[in-house]
S.K.: 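Quick one: this structure, given as structure tokens, is what I'll be asking you about.
In this text the structure is predicted, and so the values were computed from the model without any measurement. All heavy atoms count here, side chains included; hydrogens, waters and symmetry mates do not.
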Amino acid sequence: MALLRGLEALEAGQFTLVLTQLRGRLDLSGEELAILGQAELALGHYPEAELHLLRPHLAGVARATVSYGAVLLQTGRVSAAKLHLEASVDRLDAHWEAEIRHLLAEVHLAEGANLTAAEQAEAAARLLLARDYEQRAATPLVTMAMACAQQGELFRAEAALMIALNILPDIPDPSARALALATLGWVQGVSGRMEMAAQSLQLSGRLNALGQQSEVQRKIAAIRADLCGWQMDWEGEHRAVDEIAVSLPAGEAVICGGPGCTSAAPAWPSGRGAGQMRSRA
């Protein structure tokens, strides 16, 4: 079987290269159309991603089904994402079922159901580990860590992050490792270790600057906003909020006014406070 066009670049985190290879072609298979949609999703090109994922999803392409749920989630349609993912979880093979369960964990995290989010993320990691997808299993471990931290299980959260950071690479795509480091910084900040949190965020920022994943960049900015807010660094918090605002889908908003921020689209840490609203028109 010939290698799917765009797949190598997608797995290397070279999303703009995927667009160069696949956009405008009229001979794409359903799988290749889904690969194009995944790259557009990673870059935050939401209307194009939704268009290119919907058709192969309806044709039964598992890659597209999973990523279409991610589009719904990242554009703030949390209820629609939940319905879509729950309807799909039992009809995909174990690999794609794990991806669905991870997205469901993100949905529950956005809804504030932290215990369920942790359970779903752990189930996703176990499914991937059972199939020897060790590196991919690290990503739901990071989600599990945030869910645990949100409910005060800081030791369990940090332990999960240590496992993830032992697995996740710096290259070719550093985004997942950058998010793990930022999440570690959030956990350290919650536990009062602000100097360690700052160091983790600094390391995360260096890696994040090399990545292209819009949603990861937004989550890291939300973590920075929380940490700045906890230290009453309002200027730093507002800079982070501005970064979130420019990366949101059109019509979504970031609300900030004092410690923490939140947005209509799911943000990684749960925001604290409300006040000034910024939006992307």
Side-chain angles (χ1 to χ4, degrees), residues 106 109 112 114 117-118 121 125 135 138-171 173-247 254-263 266-276 278:
E106 296 266 15
L109 194 59
N114 297 317
Q135 190 171 309
T139 304
L141 281 178
V142 176
T143 302
M144 173 188 157
M146 179 54 78
C148 289
Q150 294 275 13
Q151 58 186 354
E153 295 184 80
L154 301 182
F155 181 81
R156 186 182 178 202
E158 196 158 344
L161 289 166
M162 290 299 102
I163 294 171
L165 286 166
N166 279 327
I167 298 170
L168 290 168
D170 292 344
I171 54 174
D173 181 9
S175 297
R177 185 172 180 82
L179 181 57
L181 283 165
T183 306
L184 177 62
W186 196 90
V187 173
Q188 291 166 333
V190 168
S191 61
R193 293 170 288 163
M194 287 299 180
E195 187 173 334
M196 294 179 71
Q199 292 172 354
S200 296
L201 263 291
Q202 186 177 42
L203 291 171
S204 170
R206 290 174 186 166
L207 291 177
N208 191 37
L210 303 174
Q212 297 182 338
Q213 294 194 38
S214 176
E215 178 72 358
V216 167
Q217 292 168 352
R218 185 156 60 241
K219 287 175 176 177
I220 292 173
I223 287 171
R224 284 210 327 274
D226 266 7
L227 287 168
C228 288
W230 295 338
Q231 299 176 89
M232 292 183 286
D233 176 7
W234 310 131
E235 183 178 346
E237 181 194 45
H238 287 182
R239 282 198 303 269
V241 170
D242 285 340
E243 287 181 33
I244 300 168
V246 298
S247 71
V254 183
I255 303 169
C256 185
C261 64
T262 187
S263 78
W268 195 239
S270 60
R272 308 286 192 270
Q276 183 177 353
R278 307 172 195 192

S.K.: Might you point out which heavy atoms bring Ala240 and Ala221 nearest each other, and give the distance in Å?
M.R.: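 Shortest heavy-atom contact: CB-O, 3.4 Å.
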S.K.: Once salt bridge (charged side-chain N to carboxylate O under 4.0 Å, His left out) is applied, do any residues pair with Arg206, and if so which ones, sequence neighbours excluded?
M.R.: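 Per chain and number, Arg206 pairs via salt bridge (charged side-chain N to carboxylate O under 4.0 Å, His left out) with no residue.
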S.K.: If I compare all heavy atoms of Met194 with all of Gly189, which pair ends up nearest, and what's the gap?
M.R.: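 Taking Met194 first and Gly189 second, the nearest heavy atoms are CE-O, 3.6 Å.
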S.K.: If you round to the nearest 0.5 Å, how far is CD of Glu106 from NZ of Lys219?
M.R.: 3.5 Å
S.K.: Of all residues at least two apart in sequence or in a different chain, which pass the side chain to side chain contact (heavy atoms under 4.5 Å, CB included) check with Ala178?
M.R.: Ser204, Leu207, Asn208, Ile220
S.K.: Going by the rule side chain to side chain donor-acceptor pair (under 3.5 Å), which residues pair with Gln217 if we only count those two or more places apart in sequence or in a different chain?
M.R.: none
S.K.: If you take all heavy atoms of Gly211 and Ser175, which pair is closest and at what distance?
M.R.: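 Closest heavy-atom pair between Gly211 and Ser175: CA-OG, 3.7 Å.
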S.K.: What pair of heavy atoms forms the shortest contact from Ala145 to Ala160, and how long is it?
M.R.: CB-CB, 4.2 Å
S.K.: Going by salt bridge (charged side-chain N to carboxylate O under 4.0 Å, His left out), name the pairs with one or both residues in residues 179-191, residues two or more places apart or in two chains.
M.R.: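 Salt bridge (charged side-chain N to carboxylate O under 4.0 Å, His left out) check on residues 179-191 returns no pairs.
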S.K.: Who passes side chain to side chain contact (heavy atoms under 4.5 Å, CB included) against Cys228, sequence neighbours left out?
M.R.: Asp233, Glu237
S.K.: Taking side chain to side chain contact (heavy atoms under 4.5 Å, CB included) as the test, write out the residues that go with Leu165, two or more places apart.
M.R.: Met162, Arg177, Ala180, Leu181, Leu184
S.K.: Determine the minimum heavy-atom distance between Leu227 and Gly185, stating which atoms define it.
M.R.: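 Scanning both residues, the minimum pair turns out to be CD2-O, 3.9 Å.
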S.K.: Could you walk me through whether Arg239 and Glu243 pass the salt bridge (charged side-chain N to carboxylate O under 4.0 Å, His left out) check?
M.R.: CA-CA 6 Å; Arg239 282 198 303 269; Glu243 287 181 33; over 6 Å; no
S.K.: Without placing hydrogens or testing angles, list every side-chain donor-acceptor pair under 3.5 Å for residues 195-203, not counting sequence neighbours.
M.R.:
| residue | atom | partner | partner atom | Å |
| --- | --- | --- | --- | --- |
| Ser200 | OG | Gln188 | OE1 | 2.8 |
| Ser200 | OG | Met196 | O | 3.2 |

S.K.: Taking side chain to side chain contact (heavy atoms under 4.5 Å, CB included) as the definition, give me every residue that meets it alongside Ala117, ordered by chain and number, with sequence neighbours left out.
M.R.: His108, Leu109, Ala147
S.K.: Going by atom types only, do Asn114 and Glu153 share a side-chain donor-acceptor pair under 3.5 Å?
M.R.: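 No donor-acceptor contact under 3.5 Å links the two side chains.
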S.K.: For the CD1 atom of Ile223 and the CE atom of Met146, what is their distance to the nearest 0.5 Å?
M.R.: 4.5 Å
S.K.: Going from CD1 on Ile244 to CZ on Arg224, what distance comes out if it is rounded to the nearest 0.5 angstrom?
M.R.: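 Reported to 0.5 Å precision, the distance equals 8.0 Å.
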